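Atoms within a ligand are numbered from 1 in the order they appear, just like the ligands themselves. Worth saying up front: this structure is predicted, and the values here are computed from it rather than measured.
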Amino acid sequence: MGSIIDGKSFAAGLRARVADHVAALKAEHGIVPGLAVVLVGEDPASEVYVRNKGIQTRAAGMESFEHKLPAGISQDELMAVVARLNADPAVHGILVQLPLPGHLDSDAVINAIDPAKDVDGFHVLSVGLLGSGQKAMVPCTPLGCLMMLKDRLGDLSGLHAVVVGRSNIVGKPMAQLLLRENCTVTIAHSRTRNLAELCRGADIVVAAVGRPNMIPGDWIRPGATVIDVGINRIEEDGATRLVGDVDHASAAQVAGAITPVPGGVGPMTIACLLANTITACCRANNLPEPEGMGS
Ligand code: GUN
């Protein structure tokens, strides 16, 4: 039976370091880091995320600016909100919650964010910096996954990592980060052949496909490290339950270490968002960047 990677306590540790930095920024420089979150429409899952972001931002001592906008907002109106946040010196980080309603051009909105405030790391400039090995704002979920992997494994050089999923939010930046750590990286997706065999060859499996329990234990090499990014709601015995993309019960029997769902990657995402906001705030004020924040 492998060990369970406790994302909840790992995230609590990171949030505590963030809170210490916030206190120091206030005491020494009179600066309060500010994070603006923009939510369009009323998607219940997004509302939960946004509420949690606000609570944790304030708990860390930062300023939280929440903009809840109607689902029918026009592209121009949304772009005007982003422009106002870009110009606001109290806002150091801007996050536009995805997905946006279908009539809006997400790429145009994300690319309108000032890259210096792009705490999600989704702006095309951030993506290019990461891909070309330059200092970049790193997307929060893969950053959290990498922190947990390095904590568990130390040096990742030469390890074979299989990333299942090729989204812009997780799969692609995760692969870039692992490459930066000298892993041999395979990106797999729904059209990949022999996925089971590929996974069996991996020292690290990162599952980010959004399909409940898709990866069974017999796809995992004994001793491998498994990071389960999936958060899937399933109905079972009349109740709703959260499960990952990995069949946890069988995979935990063979993996060396595995993240649970919930309580694994999820809590790390918001903690990394707070860490990125501190980084952006320090850069904006020409202050040294804090250590141990991941980017
Ligand atoms: N939707 C799901 N995850 C994320 C995220 O990390 N950032 C944003 N902006 N939207 C998301």
Between the side chains of Ser190 and Arg211, does any donor sit under 3.5 Å from an acceptor?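 No, no side-chain donor-acceptor contact under 3.5 Å.
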When you check the side-chain N and O atoms of Ser157 and Asp155, is any donor under 3.5 Å from an acceptor?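 A pair is found: one side chain offers a donor N or O, the other an acceptor, under 3.5 Å apart.
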Nitrogen or oxygen atoms of Gln97 and ligand 1 under 3.5 Å apart: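 N/O-N/O distance under 3.5 Å: yes.
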Residue selection (non-hydrogen contact nearest atom 9 (N) of ligand 1) among Thr141, Asp120, Leu98: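 The option holding the nearest heavy atom is Asp120.
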Does Leu149 form a side-chain contact (heavy atoms from CB on, under 4.5 Å) with Leu178? I'd like the steps, not just the answer. CA-CA 10 Å; Leu149 281 170; Leu178 291 164; 4.0 Å; yes
So, does Phe122 sit close enough to ligand 1 that a heavy atom of it is under 4.0 Å from the ligand?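 It does, in that a heavy atom of Phe122 comes within the 4.0 Å cut-off of ligand 1.
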Answer side chain, backbone, both or neither: which part of Val96 comes under 4.0 Å from ligand 1, heavy atoms only.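 Backbone only.
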State plainly whether one hydrophobic cluster holds both Ile227 and Leu14, where clusters connect Ile, Leu, Val, Met, Phe, Trp and Tyr through side-chain heavy atoms under 4.5 angstrom apart.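 Yes, Ile227 connects to Leu14 through the hydrophobic network.
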With a 4.5 Å limit on heavy-atom distance, are the side chains of Asp218 and Arg200 in contact?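 Yes; the side chains approach each other to less than 4.5 Å.
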Within a distance under 4.0 Å of any heavy atom of Leu95, pick out the atoms of ligand 1 and give their elements.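 Near Leu95, meaning under 4.0 Å from one of its heavy atoms, ligand 1 has 9 (N).
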